[in-house]
S.K.: 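Got a structure here, written out as structure tokens. Questions coming.
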Amino acid sequence: LGATNESFMRLAATGTWLGDSLTMMMVVDMMLQEKKYPHWAVGARKVWTSKPWLRVLIFWLFFCITTTLFVVIVMLDVVSWDQVNQGLFSTTELTRAILAAVITIFDLLIIMQDWDFPMFHTPFADEIKFPGLPVTKISLKCCNGWRFYVNGKWFNYGIIFLVMILDINMLKNQILYYPQDYYQYTDSNSHIYTVYNNISSLTNQTYLDYDFRHAMNLTQNDLYMNAKYVDYPFGLKLLALIPAGVGLLSFFTTMIAGTIISKNKPDKVESDEFVAEQSSISSTSSSLETSV
């Protein structure tokens with residue numbers, strides 16, 4: 001495609017941020033719209049749902065402002081992690097892979113911590129609006145008379161799955177990372193240097209050797225990073241897959257267990273209990289108003 005690994009990584013980081021920021025806003029939006037648990041965050045819910053345009057305005061203002069700042073920071077290297085880190089600690093390809101695996105687990109936890117996971121059966125599921133939109137579902141007419149539609153909650157979790165794919169891609173990149181693929185090399189202490197000048201002429205691996213570049217007085221023009229490449233055995237780096245594997249196993253185990261349990265607990269019972277609770281709240285409110 002004519003794109004360098006560096007450009008692709010920047011685009012991947014931007015895409016991950018877009019997905020993560022959307023996820024954060026979607027989770028907050030769903031929790032404040034949810035009617036099944038009316039005693040939680042009563043004041044915030046009242047403000048959030050008071051006017052249809054208010055939640056839409058807040059959503060897009062936050063998303064546009066934060067995304068613009070992030071894109072500027074990533075594309076222009078406004079903030080350097082090494083400058084923030086001040087050399088306090090160094091990461092290796094193994095620890096970075098483990099971090100990517102933990103982030104993948106967090107993607108799964110976002111879905112698993114939903115109040116209605118794993119079946120998402122709730123009397124008011126169809127009332128959850130799309131993030132940043134005033135509609136509750138989108139319907140598309142397909143060929144042969146088929147009609148496809150998705151509601152707000154399922155759309156939200158579809159976005160999370162896309163983010164998960166990007167995070168898994170990052171995990172793969174850390175496991176398969178090799179400095180020379182990114183015009184980088186390491187010194188005797190395993191610290192990484194990135195070559196910036198005359199990249200197009202680097203057709204020989206010798207030019208990406210620290211001793212050679214140091215002897216030619218070229219290292220002063222390269223970017224030194226506190227991160228390290230220790231060249232761990234590939235089998236050891238595969239251990240980073242264990243946390244992600246445990247997360248996926250827990251996810252699917254919980255879904256199967258939830259499916260079995262839901263068969264023994266009809267939705268009607270849950271719905272009737274919720275309606276009874278709402279009726280009790282309404283009756284109490286009416287009595288208070290009458291007293292006043």
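Numbers here are sequence positions counted from 1.
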S.K.: From Asp209 CG over to Leu218 CG, what is the distance, rounded to the nearest 0.5 angstrom?
M.R.: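 Asp209 atom CG to Leu218 atom CG measures 11.5 Å (nearest 0.5 Å).
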S.K.: What closest approach, in Å, do Thr66 and Phe63 show between heavy atoms, and which atom pair accounts for it?
M.R.: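 The pair with the smallest heavy-atom distance is OG1-O, 3.3 Å.
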S.K.: I'd like to check Gln33 versus Arg55 (side-chain heavy atoms, cut-off strictly below 4.5 Å). Are they in contact?
M.R.: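 In contact.
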S.K.: Could you please spell out the steps behind the side-chain contact (heavy atoms from CB on, under 4.5 Å) verdict for Lys172 and Ile168?
M.R.: CA-CA 6 Å; Lys172 180 266 295 181; Ile168 292 175; 5.7 Å; no
S.K.: Can you name the closest pair of heavy atoms from Pro243 and Ala101 and give their distance?
M.R.: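 The answer is CB-CB, 4.2 Å.
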S.K.: Looking at side-chain heavy atoms only, is the closest gap between Tyr185 and Pro179 below 4.5 Å?
M.R.: no
S.K.: Do Met24 and Leu57 land in one hydrophobic cluster if side-chain heavy atoms of ILVMFWY residues count as linked below 4.5 Å?
M.R.: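 Yes, one cluster joins them.
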S.K.: Using only heavy-atom distances, determine whether the side chains of Gln184 and Tyr177 contain a donor-acceptor pair under 3.5 Å.
M.R.: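 Per modelled atom types, Gln184 and Tyr177 side chains form a pair under 3.5 Å.
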S.K.: Given the rule in the side-chain contact (heavy atoms from CB on, under 4.5 Å) test, do Asn226 and His191 qualify, once you have shown the distances and angles that lead to the verdict?
M.R.: CA-CA 6 Å; Asn226 197 44; His191 286 286; 3.6 Å; yes
S.K.: Nearest 0.5 Å, please: how far is CD1 in Ile110 from CE in Met164?
M.R.: 8.5 Å
S.K.: Does any part of the side chain of Met225, heavy atoms only, come nearer than 4.5 Å to the side chain of Tyr193, both counted from C-beta?
M.R.: no
S.K.: Rounded to the nearest 0.5 Å, what's the gap from CD1 on Ile192 to OG on Ser90? Could you check?
M.R.: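 With rounding to 0.5 Å, CD1 (Ile192) is 9.5 Å from OG (Ser90).
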S.K.: Measure the OG-CE distance between Ser21 and Met26 for me, rounded to the nearest 0.5 Å.
M.R.: 8.5 Å
S.K.: Between Ser50 (side chain) and Val47 (backbone), is there a donor-acceptor pair under 3.5 Å?
M.R.: yes
S.K.: So do the side chains of Lys228 and Thr186 get within less than 4.5 Å of each other, counting heavy atoms only?
M.R.: no
S.K.: Please check this pair: side chain of Lys237 against backbone of Ile175, looking for a donor-acceptor N/O pair closer than 3.5 Å.
M.R.: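 It does hold such a pair.
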S.K.: Taking all non-hydrogen atoms of both residues into account, name the closest pair between Arg96 and Ala227 and its distance.
M.R.: NH1-CB, 3.6 Å
S.K.: Looking at every heavy atom in both Gly132 and Phe59, which two are closest together, and how far apart are they?
M.R.: CA-CD2, 3.5 Å
S.K.: Could you check whether any side-chain N or O of Thr104 sits under 3.5 Å from a backbone N or O of Ala100, counting only pairs where one atom can act as donor and the other as acceptor?
M.R.: yes
S.K.: Under a 4.5 Å cut-off applied to non-hydrogen side-chain atoms, are Glu93 and Tyr178 in contact?
M.R.: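 The answer is no, as the side chains (C-beta and beyond) never meet within the 4.5 Å cut-off.
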S.K.: Quick one: does Leu171's side chain get under 4.5 Å of Asp167's, heavy atoms only?
M.R.: no
S.K.: Is there a side-chain hydrogen bond (donor to acceptor under 3.5 Å, both in side chains) between Tyr224 and Asp222? Walk through the geometry before answering.
M.R.: CA-CA 6 Å; Tyr224 168 84; Asp222 299 335; over 6 Å; no
S.K.: Spell out, yes or no, whether Met25 and Trp60 are grouped together once hydrophobic residues are joined by side-chain heavy atoms under 4.5 Å, including indirect joins.
M.R.: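 Met25 and Trp60: one cluster.
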S.K.: Can any side-chain N or O of Thr67 pair as donor or acceptor with the backbone N or O of Cys64 at less than 3.5 Å?
M.R.: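 No, the answer is negative, given that no donor and acceptor are paired below the 3.5 Å cut-off.
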S.K.: Compare all side-chain heavy atoms of Leu18 with those of Phe70 and state whether any distance is below 4.5 angstrom.
M.R.: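 A side-chain contact under 4.5 Å is absent here.
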S.K.: Are Phe251 and Ile103 connected in the hydrophobic side-chain network, where two residues link if heavy atoms are under 4.5 Å apart?
M.R.: no
S.K.: Would you kindly confirm whether Leu241 and Phe106 end up in one hydrophobic cluster when ILVMFWY residues are joined by side chain heavy atoms under 4.5 Å apart?
M.R.: no
S.K.: Is the side chain of Thr95 donor-acceptor paired with the backbone N or O of Thr91 at a distance under 3.5 Å, no angle test?
M.R.: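 Not a single qualifying donor-acceptor pair exists.
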S.K.: Has Asp187 got a side-chain atom pairing as donor or acceptor with Asn189's backbone, closer than 3.5 angstrom?
M.R.: yes
S.K.: Are the side chains of Leu108 and Leu248 in touch, meaning some heavy atoms are under 4.5 Å apart?
M.R.: yes
S.K.: Can you tell me how far the NZ atom of Lys46 sits from the CG atom of Leu32, to the nearest 0.5 Å?
M.R.: 15.0 Å
S.K.: Could you go through Val230 and Leu94, starting from their C-alpha distance and side-chain angles, then the distance that decides it, and tell me whether this counts as side-chain contact (heavy atoms from CB on, under 4.5 Å)?
M.R.: CA-CA 9 Å; Val230 186; Leu94 179 60; over 6 Å; no
S.K.: Nearest 0.5 Å, please: how far is CG in Leu162 from CG in Asp107?
M.R.: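 The distance works out to 11.0 Å.
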S.K.: Could you walk me through whether Thr219 and Tyr210 pass the side-chain contact (heavy atoms from CB on, under 4.5 Å) check?
M.R.: CA-CA 8 Å; Thr219 56; Tyr210 176 80; 4.0 Å; yes
S.K.: Take atom NE2 in His214; do more than 12 heavy atoms of anything else shown fall under 6.0 Å from it?
M.R.: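 Open: at most 12 neighbouring heavy atoms sit under 6.0 Å from NE2 of His214.
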S.K.: Taking a hydrophobic cluster as the set of Ile, Leu, Val, Met, Phe, Trp and Tyr residues connected by side-chain heavy atoms closer than 4.5 Å, whether directly or through intermediates, do Leu176 and Tyr183 fall within one such cluster?
M.R.: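 No; Tyr183 is not reachable from Leu176 via cluster members.
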